[in-house]
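In what follows, chains carry the letters A, B, and so on, assigned in the order in which the sequence lines appear, proteins first and then strands, with residues in each chain numbered from 1. When reading the values below, keep in mind they use all heavy atoms of this one structure, side chains included, and skip hydrogens, waters and symmetry mates.
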There are 2 protein chains.
Amino acid sequence: MARYEEIAQDLRVLITSGEYPPGAALPLMRDLAEQYGVSDITMRRAYGLLTGEGLIESRGRSGTFVREHPDRLRLTVRTRQMERDELGYYSGPETQGWRPLQLPDGEQTQVVTLLVPADIADTLGVAPDTRLTVRRRLIGDPDVETHRQLADSWLAPWVAEELPLLSGRTGLGGMYDRLEEWGSQPLQWREEISARMPSPEEAAALVMPSTGVPLLRTLRITYFAEAGPERVAEVQDIRMSAAVFALGYPLPRGESARWPVEPATGDYYQDPPEA
Amino acid sequence: MARYEEIAQDLRVLITSGEYPPGAALPLMRDLAEQYGVSDITMRRAYGLLTGEGLIESRGRSGTFVREHPDRLRLTVRTRQMERDELGYYSGPETQGWRPLQLPDGEQTQVVTLLVPADIADTLGVAPDTRLTVRRRLIGDPDVETHRQLADSWLAPWVAEELPLLSGRTGLGGMYDRLEEWGSQPLQWREEISARMPSPEEAAALVMPSTGVPLLRTLRITYFAEAGPERVAEVQDIRMSAAVFALGYPLPRGESARWPVEPATGDYYQDPPEA
DNA sequence: CAGTGGTCTAGACCACAAC
DNA sequence: TTGTGGTCTAGACCACTGA
């Protein structure tokens, strides 16, 4: 084990045992380096390791502290609201005050053409290197800056072709109604939850550290399945800080619904970074 | 922006634009350092940043590569099986071959007394610094070393007192039946999903990198609610690599079930690291 | 203005991978 | 054997925080 790993391990024990409780200040890097008889840089690596694990955080030039575990918002999906609403996010009493926020470019809704993330391409049934139009929104609590979610809506090409829905004043809520009329069958929804590290842009938009805290990601999939094989109409990609949110699902008693379980592909972020 | 961040950004663009596709080898650190006219260490930091984001990985001494996104297993819970089964994990056709694996100490089931993670203490209704007995298992596919889940079962103190269940040959499956008899009401289940970075021990047990890939975490909560306020009997803490697993939930049509939504507390790993 | 973390360099040695 | 990433050091300067 490398020296910096040993030191990190020492600190880990002190932190998880409660010696340094959440919020406590850690010793100065310089002091500890001297104590251990290692160089500045080696000590920094030890601290860096723990930062990457989400155990500690350095606050600018005022010290290094044990990370507090903030309360997490437990969110549940409400299907009925989803059917009416055009906002792609989790709702409930705790999200009453939520509204669209400004994206980095100053808009509330951004419509751009991007490379489709690998797992969404897979779900939509398009080639992995396809570019599609995506509708992006940032939604959250204007008063609590960390309570926000970034939501992308990807429409299947056949939907975009069949229905002139994206334009004008037809919200997504209206779209679901129209789709059901058009397909003469009810839509179904499912969600697939995963996690990965955020891109710098995502971290900035969601006001979360870009290291130590993962992104919790929900793919909300809208599809027809009643007649014949599954036909995916839309995939919403909802991203939020895993330090701030937890997602809840009731488990119905008895046999739960199932769907095809072919392996999904993973993804990593595909947003075009500003070069 | 620091020099190493600029360089990382350059590489990010090359990777997400497909210039360096998944699996491709990145230039040697030494070469790039020379090209950019920076020191070795600065270039290492740039690479380290991208590693922490999960974009690239270095394979020992054979080079640095763009991370492949492996197929993710999409898992669904089957409630019926859960009622019968004593194994705390997600099941379905793709987990047919799964069985208990050996924990680092060589056992299949480890029963130890540990500090309760903050969010589980909260759910169980015990003080944050309580120590409780936990039953730990590692379950997975013996043939695919990354297909594994680490599951801890925490019993509420009142359950441990009321029923002599932990000992002997009474599995958890049996426990649920007995609990329902005892309480003369059906048990209910819900799941709360979150993510955080793994501890080194968790990363080792789950055969995942300890950096760049988050841990996907499910709290499966067993409780009585029919008569009076909610009474939590057990919390299972199921952890898996977010690069390998995604969790799926069907959304029932209409009003979905709800439960109390007080903020949950966050957690970080509390396992006793070997000092 | 002192304290503290952030960045950067030049140079060195090691250990394992792949041939 | 060579290539490659991993680790470590001593020393320096910067920039923001907070008294």
Side-chain angles (χ1 to χ4, degrees), chain A residues 1-12 14-15 20 23-68 200 203-204 209-213, chain B residues 1-12 14-15 20 23-68 200 203-204 207-213:
Chain A
M1 187 149 61
R3 196 81 183 93
Y4 75 88
E5 287 177 308
E6 288 174 7
I7 297 173
Q9 181 62 2
D10 283 359
L11 292 171
R12 224 179 258 123
L14 291 173
I15 294 169
Y20 292 120
L26 290 172
L28 298 196
M29 290 191 188
R30 281 151 160 79
D31 291 354
L32 262 198
E34 197 178 353
Q35 265 186 47
Y36 274 100
V38 299
S39 78
D40 227 45
I41 293 209
T42 302
M43 187 51 68
R44 271 168 205 294
R45 288 197 69 176
Y47 273 55
L49 207 59
L50 300 178
T51 304
E53 289 172 16
L55 268 187
I56 67 177
E57 67 185 349
S58 77
R59 301 199 194 124
R61 281 109 201 142
S62 73
T64 309
F65 301 84
V66 179
R67 266 255 306 280
E68 313 260 4
S210 60
T211 199
V213 176
Chain B
M1 189 148 65
R3 196 82 183 92
Y4 75 88
E5 288 176 307
E6 288 174 6
I7 297 173
Q9 181 62 1
D10 284 358
L11 292 171
R12 226 179 256 124
L14 291 174
I15 292 168
Y20 293 120
L26 290 172
L28 297 195
M29 291 192 187
R30 280 149 158 83
D31 290 354
L32 262 197
E34 198 178 352
Q35 264 186 49
Y36 274 99
V38 298
S39 79
D40 227 44
I41 294 211
T42 302
M43 187 53 66
R44 270 169 205 292
R45 289 196 68 175
Y47 273 54
L49 209 57
L50 299 179
T51 304
E53 288 172 17
L55 269 186
I56 68 177
E57 66 184 350
S58 77
R59 299 196 196 127
R61 281 110 202 139
S62 73
T64 309
F65 301 84
V66 179
R67 267 256 303 280
E68 314 260 3
V207 194
M208 61 187 282
S210 59
T211 199
V213 176

Taken to the nearest whole Å, CZ/R45(B) to P/dT9(C) is 11 Å

Considering only heavy side-chain atoms of S62(B), the closest of dT4(D), dA17(C), dT17(D) is dA17(C)

Of the listed dT7(C), dG6(C), dT9(D), the closest approach to the T42(A) side chain comes from dT9(D)

Looking only at dG5(D), dT17(D), dC8(C), the nucleotide nearest the I41(A) side chain is dC8(C)

Closest to the 5' end of DNA chain D, once D40(B) and D31(B) are matched to their nearest nucleotides, is D31(B)

Rounded to whole Å, the CZ-C1' distance (R59(A) to dG5(C)) equals 14 Å

> Between the main-chain N or O of V38(A) and the side-chain N or O of T42(A), is there a donor-acceptor pair closer than 3.5 Å?
Replying inline: no

Out of dG5(D), dT7(D), dT9(D), minimum distance to the side chain of V38(A) belongs to dT9(D)

*Report yes if at least one side-chain N or O of S39(A) is closer than 4.0 Å to OP1 or OP2 of dT9(D); otherwise report no.*
yes

Are Y4(B) and dC8(C) close enough that a side-chain N or O sits under 4.0 Å from OP1 or OP2?
no

Review point. Hey, does the side chain of R30(A) come within less than 4.0 Å of dT4(C)'s phosphate (OP1/OP2), counting only N and O?
Key: no

To the nearest angstrom, the CE-P distance between M43(A) and dT9(D) comes to 10 Å

**Prompt:** Counting distance only, does the side-chain N/O of E34(A) pair as donor-acceptor with the main-chain N or O of D31(A) below 3.5 Å?
**Reply:** no

Between CZ of R44(A) and P of dC8(D) the distance, given in whole Å, is 15 Å

From CZ of R3(B) across to C1' of dC8(C) the rounded distance in Å is 11 Å

